[in-house]
**Student:** 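The following block contains the structure, expressed as structure tokens.
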Amino acid sequence: MNGETVRVPLGERSYDILVESGLLGRGGDVLKDLLVRPFLPIVTDERVAVLHLPALQAALRASGIESKAIVLPSGEATKSIGFLEQLLDELISAKVERRDLILALGGGVIGDLTGFAAAVLRRGVPFVQLPTTLLAQVDSAVGGKTAINSKHGKNLVGVFNQPRRVLADVATLDTLPRRHLLAGYAEVVKYGLLGDAPFFAWLEANGERLIDGDHAARIQAVVHSCRMKAAIVARDEREDGDRALLNLGHTFGHALEAETGYSDRLLHGESVAIGCVLAFALSARLGLCSAADTERVARHFSTLGLPVSPAGYATDAKVLLEHMRQDKKVIGGTLTFILARGIGNAFVTREVAERDVLLTLDAALSA
Ligand code: NAD
Ligand code: GLY
């Protein structure tokens, strides 16, 4: 498979996700139709700037496009009000106009921050995403959620702002450390678990090859994940219903991230892997799916080296439940859970007794 395009159908805000190996080297070709003048500001982080910025700038130059790079520190702390202010100042100093395009080159941190900055700069400047982590290619660069963190929690200040195009170049993943690749892979598995059992089976057979660097397998997985996300976002852009399915594993996962201080001790995708196993364990406790399903999910994650147990990251189920109460899906004090009637058959529910959540967590913490 050489590459494919996935459409996100959102009326006048529709856009394409181009998935290919080597796309970054064609940056000028695939972006020039979106430019009103041959100028492109690029927002990136320090690590990605060293690895991928020179090739992108060369490709733009080859198409006669001048670029201006704004390089921010790598890491979650950059998704903050301080760096938002710095980024806006630098974009204004660079005289970025309302009809210019801004490009986000990096992982979810750069994509989320840049999307938010683009939404508020001059009341809205269009932006494109060139995601360089697997997590960003299959999730954060698609669907228009943008945000920064608050001292009260992650992603609490943000807006929906759809990009004009997404350029997912799987070759950029060749430089990504294995731990981050695996963390993004957990989000890929999430799609199989929430709505596509054959895709999960495909991942069981091909996941290792994908992680080890096979571009064709990566393209196939990114295309499939983006297709699933595009379909969900198209029917529920602002998460009034079905979009919450994309949060499979996230209610438990966010609690673990909060407990570990949103630090490198537990990456977001790692918390999603543990969270998916817990969501299946809770579903099994409620008689919705079999214990064998939970074991199959855990086996796939752990075979590849992802964590599957909250033990080691938390000790107290009640403390985790308290963290869950800060979840954005809490409505009227009631938690929302994504449960499963089997692999590939998830649903959203608010009818889960806290006692069952606590029992599930206690069992996992003491296993
Ligand atoms: P990240 O952006 O911090 O990137 C992870 C690390 O990899 C960073 O150190 C970065 O410098 C480095 N990196 C990026 N690309 C690289 C490459 N090709 N080679 C080598 N190193 C590279 O983290 P992430 O996992 O991409 O994203 C996590 C963020 O995404 C979180 O803030 C999370 O809240 C957000 N997120 C948003 C959505 C959404 O829908 N908007 C969905 C999921 C996650
Ligand atoms: N990452 C979840 C969403 O985009 O809704």
Side-chain angles (χ1 to χ4, degrees), residues 8 24 43-53 55-56 71-80 83 104-116 129-150 153-163 166 168-188 190-191 194 218 225-226 228-230 232-233 235-251 253-254 257-258 262-264 266-272 328-329 338 348:
V8 185
L24 182 140
V43 184
T44 191
D45 75 28
E46 282 162 354
R47 192 167 301 174
V48 179
V50 172
L51 295 165
H52 298 292
L53 182 61
L56 176 61
V71 183
L72 300 170
S74 302
E76 190 66 32
T78 299
K79 259 176 67 172
S80 64
F83 282 106
L105 172 72
V109 164
I110 288 298
D112 281 12
L113 173 71
T114 306
F116 188 32
Q129 296 258 21
L130 202 162
T132 60
T133 64
L134 182 56
L135 180 141
Q137 294 188 355
V138 299
D139 194 357
S140 65
V142 175
K145 280 190 181 175
T146 74
I148 56 170
N149 303 325
S150 132
K154 272 190 60 160
N155 298 324
L156 292 180
V157 181
V159 294
F160 286 94
N161 184 25
Q162 300 293 345
V166 179
D169 181 351
V170 298
T172 61
L173 305 180
D174 290 346
T175 57
L176 193 63
R178 186 180 169 89
R179 186 176 173 209
H180 282 282
L181 198 60
L182 280 172
Y185 181 77
E187 301 276 9
V188 176
K190 176 191 79 178
Y191 290 104
L194 74 87
R218 286 181 181 177
S225 303
C226 287
M228 288 188 70
K229 181 154 186 182
I232 291 173
V233 169
R235 58 177 194 266
D236 179 23
E237 185 182 4
R238 298 179 77 88
E239 199 167 309
D240 296 316
D242 261 14
R243 185 163 179 167
L245 287 171
L246 295 170
N247 291 314
L248 175 62
H250 286 57
T251 307
H254 280 154
E257 281 185 284
Y262 302 101
S263 67
D264 273 2
L266 185 68
L267 300 179
H268 174 73
E270 293 170 339
S271 81
V272 169
K328 284 193 291 309
K329 297 183 296 302
I338 320 306
V348 184

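When a residue number appears, it is its place in the shown sequence, counting from 1. Remember, it's 1-based here, ligands and their atoms both numbered in the order they're listed. Given the structure is predicted, the values throughout are model-derived calculations rather than measurements.
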**Student:** Nearest 0.5 Å, what's the CD-OG distance between Q129 and S140?
**Tutor:**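 Those atoms lie 6.5 Å apart.
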
**Student:** What do we get for L176 next to ligand 1 when only non-hydrogen atoms under 4.0 Å count, side chain, backbone, both or neither?
**Tutor:**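 L176 to ligand 1: contacts from backbone and side chain alike.
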
**Student:** From atom 20 (C) of ligand 1, work out which of V138, L135, T175, I148 has a heavy atom at the shortest distance.
**Tutor:**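 It is T175 that holds the nearest heavy atom.
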
**Student:** Taking all heavy atoms of G75 and all of V109, pick out the closest pair and write down the distance.
**Tutor:**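 Closest approach of G75 to V109: O-CG1, 3.4 Å.
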
**Student:** Which N/O atoms of ligand 2 sit under 3.5 Å from a protein N/O, and at what distances?
**Tutor:**
from     : atom 1 : to   : atom 2 : distance (Å)
ligand 2 : 1 (N)  : D139 : OD1    : 2.9
ligand 2 : 1 (N)  : D139 : OD2    : 3.3
ligand 2 : 4 (O)  : K229 : NZ     : 2.6
ligand 2 : 4 (O)  : R243 : NH2    : 2.8
ligand 2 : 5 (O)  : K145 : NZ     : 2.9
ligand 2 : 5 (O)  : R243 : NE     : 2.7
ligand 2 : 5 (O)  : R243 : NH2    : 3.4

**Student:** Taking only heavy atoms of K79, which atoms of ligand 1 are found under 4.0 Å from at least one of them?
**Tutor:**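 Atoms satisfying the 4.0 Å criterion: 31 (C), 32 (O), 33 (C), 34 (O), 35 (C).
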
**Student:** Can you name the closest pair of heavy atoms from L24 and L56 and give their distance?
**Tutor:**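 What the structure gives for the nearest pair is CD2-N, 3.5 Å.
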
**Student:** May I ask you to check whether T132 and H52 show a side-chain donor-acceptor distance below 3.5 Å?
**Tutor:**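 Not at all, the side chains of T132 and H52 share no donor-acceptor pair under 3.5 Å.
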
**Student:** Which of the listed options, N149, N155, T146, D139, holds the heavy atom that is closest to atom 43 (C) of ligand 1?
**Tutor:**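 The option holding the nearest heavy atom is D139.
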
**Student:** Where does H180 meet ligand 1, judged by heavy-atom distances below 4.0 Å: at the side chain, the backbone, both, or neither?
**Tutor:**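 It is the side chain that touches ligand 1; the backbone stays farther off.
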
**Student:** Of all the heavy atoms in H250, does at least one lie under 4.0 Å from an atom in ligand 1?
**Tutor:**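 In this structure, H250 fails to qualify as a contact of ligand 1 - no heavy atom is under 4.0 Å.
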
**Student:** Judged on heavy-atom distance to atom 29 (C) of ligand 1, which of G106, A77, G108 sits nearest?
**Tutor:**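 Result: the heavy atom closest to atom 29 (C) of ligand 1 is in G108.
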
**Student:** If we only consider heavy atoms of L173, is any one of them less than 4.0 Å away from an atom in ligand 1?
**Tutor:**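 No.
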
**Student:** Could you check whether any heavy atom of H52 sits closer than 4.0 Å to an atom of ligand 1, since that is the contact criterion I want to use?
**Tutor:**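 Contact check H52 vs ligand 1: positive.
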
